[in-house]
Amino acid sequence: MSAVAAPAPRTGTAAPVLWFTGLSGSGKSTIAVQVHQELLRRGLDAEYIDGDVLREVFPKTGFSREEREEHLRRTGYMASRLAAHGVAVVASFVSPYRESRDFIRKHCPGFVEIYVATPLEECERRDVKGLYARARRGEIRNFTGIDDPYEPPEHPELTLDTRALTVDQCVARVLEIFGGKD
């Protein structure tokens, strides 16, 4: 795993964009929120962007492949602008397609892909909102992992197996990117 320098807004160095990807229920948002809180505690300028929250702000964002890719391109652009101004970005999105994540990587010099590698069966077991069951019954269409594919990253900077690691251990592994503990 390569180290990513902490943001340095005075020198114009782009801040990192920590992009958490994985299936719904994988644990990516739980981990990302704690990482964001720790970055703030350390005194870094940081923003947290969550896919579900952003969809509340833009409720007409759809779930077809084209709509998802457009949504992620916009989000990636926003992340790139924040990072260009020295704000570390912690983003949590299913972001199921490699092409979308590659687009964001190309536009964010400090892009760090963090794959929360939780198997579908475990995500379904954890599903407190019942989304997977609804998708299996056909009540939700284009649901990633059920009737829409998830393309796992081929070379993420970090992979987290939430079956083998606790949330705190996952957070610690992500924070190692910033040079260890503070």
Side-chain angles (χ1 to χ4, degrees), residues 1-59 61 68-98 100-118 126 144 152-153 155-162 165-182:
M1 164 177 44
S2 61
V4 175
R10 291 188 189 104
T11 63
T13 302
V17 173
L18 305 177
W19 195 272
F20 289 80
T21 181
L23 292 170
S24 178
S26 64
K28 64 191 171 302
S29 294
T30 301
I31 299 163
V33 164
Q34 288 192 27
V35 166
H36 176 245
Q37 290 171 346
E38 179 59 21
L39 294 178
L40 293 176
R41 188 192 72 72
R42 292 179 181 194
L44 296 174
D45 288 332
E47 279 296 329
Y48 174 63
I49 306 172
D50 181 81
D52 290 337
V53 174
L54 204 54
R55 283 182 178 280
E56 289 176 19
V57 175
F58 302 108
T61 304
R68 286 178 190 259
E69 287 179 339
E70 183 177 339
H71 180 61
L72 289 168
R73 281 192 304 273
R74 286 186 194 128
T75 304
Y77 177 76
M78 179 174 51
S80 77
R81 300 315 312 143
L82 287 165
H85 291 280
V87 178
V89 176
V90 179
S92 176
F93 287 80
V94 172
S95 47
Y97 312 117
R98 285 187 198 107
S100 299
R101 296 188 307 265
D102 289 345
F103 174 88
I104 297 164
R105 179 185 296 277
K106 184 170 65 172
H107 289 83
C108 298
F111 185 82
V112 178
E113 189 172 42
I114 302 166
Y115 174 36
V116 184
T118 307
R126 296 178 184 178
T144 304
H155 305 289
E157 281 74 14
L158 182 61
T159 299
L160 301 172
D161 180 349
T162 60
L165 299 169
T166 67
V167 171
D168 288 341
Q169 289 170 323
C170 290
V171 170
R173 294 222 175 144
V174 174
L175 293 172
E176 286 174 9
I177 294 169
F178 289 91
K181 297 182 180 178
D182 187 281

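Residue indices begin at 1 and follow the sequence shown. Values below: all heavy atoms of this structure, side chains included; hydrogens, waters and symmetry mates excluded.
For the atom pair SG of Cys108 and CG of Leu18, the computed distance is 11.0 Å after rounding to the nearest 0.5 Å. Distance CG/Leu39 to NE2/His36: 7.0 Å, rounded to 0.5 Å. How far OG1 of Thr166 is from CD1 of Ile31: 9.0 Å, rounded to the nearest 0.5 Å. Rounded to the nearest 0.5 Å, atoms CG (Leu158) and SG (Cys170) are 8.5 Å apart. Atom NZ of Lys28 sits about 5.0 Å away from atom OG of Ser92, to the nearest 0.5 Å. Between Lys106 atom NZ and Phe111 atom CZ the span is 13.0 Å, to the nearest 0.5 Å.
Among all heavy-atom pairs drawn from Asp50 and Ser29, the shortest one is OD1-OG, 2.9 Å. In terms of heavy-atom proximity, Ala117 sits nearest to Thr159 at CB-CG2, 3.8 Å. Closest approach of Val17 and Ala83 over heavy atoms only: CG2-CB, 3.8 Å. Listed here is the closest heavy atom pair of Arg105 and His155: NH2-O, 4.3 Å.
Ion pairing between a basic and an acidic side chain is recognised when a charged N comes within 4.0 Å of a carboxylate O; Glu38 and Arg41 show such pairing. Between Glu113 and Arg98 there is no salt bridge, since no side-chain nitrogen of the basic residue lies less than 4.0 Å from a carboxylate oxygen of the acidic one.
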### Message
As a quick check of understanding, evaluate side-chain contact (heavy atoms from CB on, under 4.5 Å) for Trp19 and Thr75, giving each step before the final call.
### Response
CA-CA 11 Å; Trp19 195 272; Thr75 304; 3.9 Å; yes
### From CA spacing to verdict: side-chain contact (heavy atoms from CB on, under 4.5 Å), Ile114, Arg173
CA-CA 10 Å; Ile114 302 166; Arg173 294 222 175 144; over 6 Å; no
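A donor and an acceptor atom, one from each side chain of Arg68 and Thr144, are located under 3.5 Å apart. Thr21 and Ser95 are linked by a side-chain donor-acceptor pair at a separation below 3.5 angstrom, with hydrogens and angles left out of the test.
Partner of Leu72 under the side chain to side chain contact (heavy atoms under 4.5 Å, CB included) criterion, out of Tyr97, Phe103, Phe93: Phe93 alone.
For Thr118, the side chain to side chain donor-acceptor pair (under 3.5 Å) criterion is met by Thr162, not counting sequence neighbours.
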